[in-house]
Colleague: 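Handing you this structure, nothing more for now.
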Amino acid sequence: MPSVDAYAAELLEGLNEPQREAVTHEGGPLLVIAGAGSGKTRVLTHRVAWLVRTGQVGLGEILAVTFTNKAAAELRHRVGDLLGRSTRGLWVSTFHSSCARILRVEAERLGYSRQFTIYDSDDAKRLLKRVLDSQGADTKRFTPGSVHNRISDHKNRLRSVEQAAEQAAGFYDRTVVDAYRGYQQALVANNAMDFDDLMGRTVDLFERFPEVRERYRNAFKHVLVDEYQDTNPAQYRFLQLLCMDDPMHLDPDDEFGPLAGEEPGHRNLMVVGDDAQSIYGFRSADIRNILDFEDDFPDAKVVRLEQNYRSTQHILDAANGLIEHNANQRKKHLWTDLGAGDPVRVRALPDDHAESRWVVAEIERLAGEGAPLGEMAVLYRTNALSRAIETALTGAELGYQVIGGVRFFDRAEVKDVLAYLAWLLNPANTVAFARIVNRPKRGIGDTTVGRLLAHASTLGVTPLQVLDDPAAAGLKTAAIRSVGAFAEQVHELREAVLAGSTIADLVEAILRVTGYRAELEASNDPQDEGRLENLEQLHAYADEFDHEDASAEPDDERASLRPLDRFLQQTALLSDADQKGDHPDGTVTLMTLHNAKGLEFDSVFLIGCEDGVFPHSRAIDAGELEEERRLAYVGLTRARRHLSLTWARRRGLYGPPQSQVPSRFLRELPVEALDESSPEALSGGVQAVPRPRYDAGRIGRVGGGGGGSTSGRTLAELGLRRGSELGSAGRAAAGGAGDEAPDVVVGQRVRHGKFGEGDVVTVDDNVIVVDFDEHGERRLIAGFARLEPV
DNA sequence: TATTGCCTCGTTTTT
DNA sequence: CGAGGCAATA
């Protein structure tokens with residue numbers, strides 16, 4: 001029983017009833033459905049403080065997991081404020097850094113050294129490219145990026161290579177599985193883990209070593225999770241292993257109940273999230289984790305937070321009305337006592353330039369009324385849309401910041417220096433080696449690198465060990481001289497590492513000894529100045545790390561890892577400096593809807609609300625409309641006071657401008673939430689005639705006679721009808737015979753989209769049927785046609 | 001081995 | 001339209 005004194009009770013002040021219920025929940029699984037702006041961080045922080053103050057657990061017995069470093073830092077900070085004392089000992093960290101921390105200690109059990117390197121997705125793709133090349137895969141069809149996505153999905157769903165192989169259906173899948181196998185072996189050989197491995201290997205660890213699992217389960221008496229709707233199956237399993245009895249989900253063959261000799265799980269799992277804001281399905285996040293929580297944990301308590309403290313009611317009505325169109329969603333109704341406020345505005349503009357000008361004019365108008373620019377945001381589905389707005393803002397001499405793009409630690413020059421550090425620490429890391437061996441250029445080309453790597457691999461040693469005998473690797477005189485010079489630099493740098501130089505000094509040494517800085521200084525490429533600045537920034541960052549590290553108190557992690565290990569881990573798991581959340585004065589913020597999650601602004605402009613742009617055409621093709629709608633929901637609920645949605649009748653995304661159709665999401669907004677001018681923008685002045693509804697259904701294969709160009713022909717003209725089998729005549733009708741795959745014509749636009757077998761793609765009333773050969777290669781398009789209204 | 005020009009292709013991205 | 005990848009060149 002918790003002891004509630006006045007000191008603890010103070011934590012409940014100012015909380016509404018459901019918030020209080022969540023904070024004081026006495027144990028067992030707890031799901032908090034926290035609508036947008038309903039105070040979920042408050043609930044999380046107050047609950048941590050409550051558990052401690054009521055004497056239920058010590059600070060060090062709580063694990064709070066988030067997805068971002070920023071969220072973790074904020075959580076820690078706010079708990080510290082509530083408790084009025086240091087939060088040392090409290091584990092608040094991201095899924096990935098919690099796992100990294102655990103794995104550092106336990107790495108040897110899994111065949112890694114504790115100095116293992118963490119590969120970011122760029123490193124991972126480089127390694128994967130080597131694997132694909134070595135397996136003779138066609139890297140045009142099997143790009144490292146696409147194959148990595150597939151492998152990542154396997155890993156996030158906890159599929160081993162063998163399990164992936166079992167499910168592999170076609171040629172494509174089998175190639176992916178081969179790559180997966182080779183890639184995984186390569187990772188181990190490099191003593192490296194990718195991001196997905198951090199989760200997956202921790203799960204492995206807990207499953208294979210029950211005593212390790214039990215140690216961590218005993219260490220954390222309460223586990224709290226933020227943004228639960230974005231968890232993937234691996235993360236779900238991780239939580240289960242930490243909190244529950246022997247887990248049964250995902251592996252129904254396991255027996256229920258604790259393993260022999262194991263204590264039962266404490267079941268103190270609190271998850272907070274909003275299914276309506278699940279927007280990371282493409283990264284294998286599984287919304288079912290939050291939708292099915294009560295099924296997974298029948299004794300779960302569910303608390304719903306629906307009072308919104310952010311937006312006015314019109315904005316919430318728009319959001320509520322929109323999300324109701326999702327079937328696979330928990331019913332929810334956000335409300336506020338902040339009043340009705342301004343209605344939401346929908347505007348149609350002739351083209352993208354006009355759209356930008358309208359938005360900028362509105363920004364100026366609001367600014368003229370005294371609204372700060374820092375409280376305004378322009379949101380869009382894809383980064384490409386920022387351009388026109390940027391131009392218009394620049395023309396109006398308004399300040400703006402664009403969030404997104406290349407992150408600091410992802411910049412090539414920064415990654416080069418980090419790769420030097422990583423390789424000096426872990427010479428088995430061939431990705432780092434290949435990256436730096438000719439940077440700056442020192443006459444060691446791809447062939448030489450290949451020979452060095454092959455030679456090292458034959459001898460079963462690291463590249464470092466073959467540098468001193470380049471002749472043995474079969475190199476010629478010129479290459480031997482180049483490699484020799486590189487080897488000397490490496491020896492000098494290694495000595496500095498062994499001597500325990502500070503990281504800032506190591507960075508400095510790398511820039512000097514390798515001639516990296518000299519090369520940039522000598523260059524007349526204007527961009528190189530910026531690169532030098534970035535490197536100075538990296539140096540300053542390292543210096544700061546050195547100082548913090550020197551003054552920090554020792555803990556278990558420090559005892560087992562050297563500063564350089566920790567530095568590299570931090571840079572690998574840290575994204576950009578958390579600029580995302582701050583709203584600099586006099587600066588409008590531009591960003592994608594994904595980046596906007598968790599933020600709020602007085603005024604929000606959501607641009608590019610056109611079918612094909614938002615919802616994105618690829619999402620439409622893939623049948624991911626519900627996730628797109630959630631993305632729209634996220635966008636709408638960012639606004640506190642003013643919300644405007646715009647679309648352009650014509651937009652040139654790539655190439656010449658194309659006619660656009662207003663986003664279906666606009667039509668789903670309840671008119672009561674909109675202003676009086678909006679309906680006009682929805683019906684569209686020029687396109688006043690409402691589009692007839694067609695029921696294309698699944699046509700399946702079509703075929704028949706015909707001939708000539710297919711563009712603009714009807715199904716009948718092509719001799720095609722629903723359900724007919726495709727014959728050779730049909731192929732001719734489709735505009736391409738045999739294996740030649742013609743371009744797909746959508747409206748007036750040619751695209752090379754990916755479609756599934758027998759897919760029917762409708763754009764307006766144009767229908768395209770696509771067929772695939774056994775390799776998944778698009779073989780022919782049966783027709784571009786006009787369907788009759790039903 | 002480095003450079004040039006041609007061709008292709010086009011979401012979102014917490015770690 | 002424009003960035004990045006690749007093949008043909010110097």
Side-chain angles (χ1 to χ4, degrees), chain A residues 65-72 93-100 118-122 124 129 139-140 143-146 149 152 156 193-199 226-227 229-232 234-235 277-285 352 379-385 387-388 403-407 409-410 438 441-449 476 478-479 482 569-576 578 580-581 591-599 608 612-622 624 627-628 630-631 634-635 651-657 743 749-754:
Chain A
V65 244
T66 64
F67 278 89
T68 67
N69 293 294
K70 193 184 146 221
S93 57
T94 64
F95 274 104
H96 290 85
S97 54
S98 307
C99 289
I118 298 171
Y119 277 176
D120 66 17
S121 47
D122 180 66
K129 170 130 196 325
T139 43
K140 267 193 102 133
T143 64
S146 63
N149 279 341
S152 177
N156 289 149
M193 298 196 201
D194 64 16
F195 285 145
D196 307 318
D197 281 340
L198 294 177
M199 290 306 313
D226 191 18
E227 306 279 16
Q229 75 282 354
D230 291 329
T231 50
N232 62 35
Q235 287 156 342
Q277 295 185 65
S278 167
I279 56 173
Y280 282 102
F282 65 97
R283 304 200 8 160
S284 313
D352 46 353
L379 308 182
Y380 34 80
R381 173 68 234 262
T382 66
N383 287 305
L385 293 184
R387 224 184 176 132
I403 306 295
V406 191
R407 296 176 298 192
F409 289 111
D410 287 344
N438 198 31
K441 296 191 183 72
R442 41 171 84 93
I444 304 178
D446 287 347
T447 357
T448 308
V449 177
K476 300 278 180 338
S482 306
Q569 171 159 325
Q570 197 178 102
T571 55
L573 296 179
L574 210 68
S575 53
D576 29 346
D578 40 0
K580 214 192 267 180
M591 63 183 145
T592 62
L593 289 161
H594 282 91
N595 270 320
K597 197 175 86 171
L599 306 182
V613 176
F614 187 38
H616 195 275
S617 53
R618 296 181 70 145
I620 300 172
D621 293 349
E624 287 157 359
E627 181 151 315
E628 293 284 292
R630 292 193 289 269
L631 196 51
V634 166
R651 183 184 300 276
L653 266 172
Y654 349 93
D743 287 322
R749 185 168 154 203
V750 177
R751 43 169 300 154
H752 323 269
K754 278 177 262 155

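Naming convention: chains lettered A, B, ... in sequence-line order (proteins, then strands); numbering from 1 in each chain. Please read all numbers here as calculations on a predicted model, not as lab measurements.
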Colleague: What integer distance in Å separates A/Gln570:CD from B/dT15:P?
Modeller: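 After rounding, the reported distance stands at 13 Å.
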Colleague: In terms of side-chain heavy atoms of A/Tyr654, which of B/dT12, B/dT14, B/dT11 is nearest?
Modeller: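 Nearest listed nucleotide: B/dT11.
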Colleague: Rounded to whole Å, how long is the line connecting atom OH of A/Tyr280 with atom C1' of B/dT14?
Modeller: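 Between C1' of B/dT14 and OH of A/Tyr280: 5 Å.
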Colleague: Pick base, sugar-phosphate or nothing for A/Arg442, based on heavy-atom distances below 4.0 Å to the nucleic acid.
Modeller: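 No contact.
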Colleague: Determine the contact category for A/Asn383: base if any of its heavy atoms lies under 4.0 Å from a base atom, sugar-phosphate if only primed atoms, P, OP1 or OP2 are that close, otherwise nothing.
Modeller: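 Answer is sugar-phosphate: A/Asn383 comes under 4.0 Å of backbone atoms only.
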Colleague: What's the NE2-P distance between A/His594 and B/dT14, to the nearest Å?
Modeller: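 Those two atoms, NE2 and P, are 10 Å apart.
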Colleague: Once you round it to whole Å, what is the distance between P of B/dT13 and CG of A/Asp120?
Modeller: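 Taking atom P of B/dT13 as the reference, CG of A/Asp120 is at 16 Å.
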Colleague: Quick check on B/dT14: is either OP1 or OP2 less than 4.0 Å from any side-chain nitrogen or oxygen of A/Asn69?
Modeller: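 So the side-chain polar atoms of A/Asn69 never come under 4.0 Å of the phosphate oxygens OP1 or OP2 of B/dT14.
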Colleague: With side chains defined as the heavy atoms from C-beta onward, is the minimum distance between A/Leu573 and A/Phe195 less than 4.5 Å?
Modeller: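 Answer yes - side chains close enough.
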Colleague: Just to verify, what does A/Asp196 make a side chain to side chain donor-acceptor pair (under 3.5 Å) with, not counting sequence neighbours?
Modeller: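 Residues passing side chain to side chain donor-acceptor pair (under 3.5 Å) with A/Asp196: A/Ser152, A/Asn156.
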Colleague: According to a strict under-4.0 Å criterion, is A/Asn595 in side-chain N/O contact with OP1 or OP2 of B/dT14?
Modeller: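 Affirmative; the distance criterion is met.
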Colleague: From the options B/dT3, B/dT13, B/dG10, select the nucleotide whose nearest atom is closest to the side chain of A/Phe282.
Modeller: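 Of B/dT3, B/dT13, B/dG10, B/dT13 is nearest to the side chain of A/Phe282.
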Colleague: Ignoring backbone atoms, establish whether A/Ser617 has a side-chain N or O less than 4.0 Å from OP1 or OP2 of B/dT11.
Modeller: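 A/Ser617 to B/dT11 OP1/OP2: no side-chain N or O under 4.0 Å.
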Colleague: Salt-bridged, A/Glu628 to A/Arg381, with N to O below 4.0 Å?
Modeller: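 Salt bridge present between A/Glu628 and A/Arg381.
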Colleague: Would you say A/His594's side chain and A/Ile279's backbone share a donor-acceptor pair under 3.5 angstrom?
Modeller: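 Flag set: sc A/His594 to bb A/Ile279 pair under 3.5 Å.
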Colleague: For A/Thr139, answer base if it contacts any base atom (sugar-phosphate contacts may also be present), sugar-phosphate if it contacts only those atoms, and nothing otherwise; contact means non-hydrogen atoms under 4.0 Å.
Modeller: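 The residue A/Thr139 makes no contact with any strand.
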Colleague: Do A/Phe409 and A/Gln570 have side chains that get closer than 4.5 Å, going by heavy atoms?
Modeller: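 The answer is no; the side chains never approach within 4.5 Å.
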Colleague: Check whether any side-chain N or O of A/Ser146 sits under 3.5 Å from a backbone N or O of A/Thr143 as a donor-acceptor pair, and report yes or no.
Modeller: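 Yes, because the side chain of A/Ser146 sits within donor-acceptor range (under 3.5 Å) of the backbone of A/Thr143.
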Colleague: Please report the distance, rounded to the nearest Å, between CG in A/Asn232 and P in B/dT13.
Modeller: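 Rounded to the whole Å, the gap is 18 Å.
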Colleague: If you walk 5' to 3' along DNA chain C, what is the first nucleotide with an atom under 4.0 Å of a heavy atom in chain A, and what is the last?
Modeller: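 So the outermost contacting nucleotides come out as C/dC1 to C/dG2.
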Colleague: Whole angstroms only, please: what is the CD1-C1' distance between A/Ile279 and B/dT13?
Modeller: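 Roughly 10 Å, once rounded to whole Å.
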Colleague: Can you figure out which of B/dT11, B/dT1, B/dA2 approaches the side chain of A/His616 most closely?
Modeller: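 Looking only at heavy atoms from C-beta outward on A/His616, the closest nucleotide is B/dT11.
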Colleague: Once you round it to whole Å, what is the distance between P of B/dT14 and CD1 of A/Ile403?
Modeller: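 Value for this atom pair: 11 Å.
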Colleague: Classify the nucleic acid contact of A/Asp446 as base, sugar-phosphate or nothing, counting any heavy atom under 4.0 Å across all strands shown.
Modeller: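 The residue A/Asp446 makes sugar-phosphate contact but no base contact.
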Colleague: Among B/dT12, B/dT11, B/dA2, which nucleotide sits nearest the side chain of A/Asn438?
Modeller: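 The listed nucleotide nearest to A/Asn438's side chain is B/dA2.
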Colleague: Can you find an N or O donor on one side and an acceptor on the other, under 3.5 Å apart, linking the side chain of A/Arg283 with the base of B/dT15?
Modeller: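 It does, because a donor-acceptor pair links the side chain of A/Arg283 to the base of B/dT15 below 3.5 Å.
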Colleague: For a quick test of reading the model: is some side-chain N or O of A/Thr448 closer than 4.0 Å to OP1 or OP2 of B/dT1?
Modeller: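 For B/dT1, OP1 or OP2 has a side-chain N or O of A/Thr448 closer than 4.0 Å.
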Colleague: Do the side chain of A/Ser98 and the main chain of A/Thr94 share a donor and acceptor less than 3.5 angstrom apart?
Modeller: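 Here the side-chain-to-backbone pair exists.
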Colleague: Looking at CZ of A/Phe614 and CG of A/Leu631, how far apart are the two atoms once the value is rounded to the nearest 0.5 Å?
Modeller: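 The CG atom of A/Leu631 is 4.5 Å from CZ of A/Phe614, to the nearest 0.5 Å.
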Colleague: Could you check whether A/Thr447 gets within reach of a base, just the sugar-phosphate, or nothing at all, counting any heavy atom under 4.0 Å?
Modeller: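 It contacts sugar-phosphate atoms only.
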Colleague: Base of B/dT11, side chain of A/Arg381 - is there a donor-acceptor contact under 3.5 Å?
Modeller: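 Indeed, a donor on one side and an acceptor on the other fall under 3.5 Å apart.
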Colleague: Would you mind reading off the distance between A/Arg618 atom CZ and B/dG10 atom P, rounded to a whole angstrom?
Modeller: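 Atom CZ in A/Arg618 sits about 6 Å away from atom P in B/dG10.
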Colleague: On DNA chain B, nearest-nucleotide positions of A/Ile444 versus A/Thr592: which is more 5'?
Modeller: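 Result of the comparison: A/Ile444.
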Colleague: Evaluate the side-chain contact (heavy atoms from CB on, under 4.5 Å) criterion for residues A/Asn383 and A/Thr592: first the C-alpha distance (whole Å), next the side-chain angles of each, then the deciding distance (0.1 Å), finally the verdict.
Modeller: CA-CA 6 Å; A/Asn383 287 305; A/Thr592 62; 3.1 Å; yes
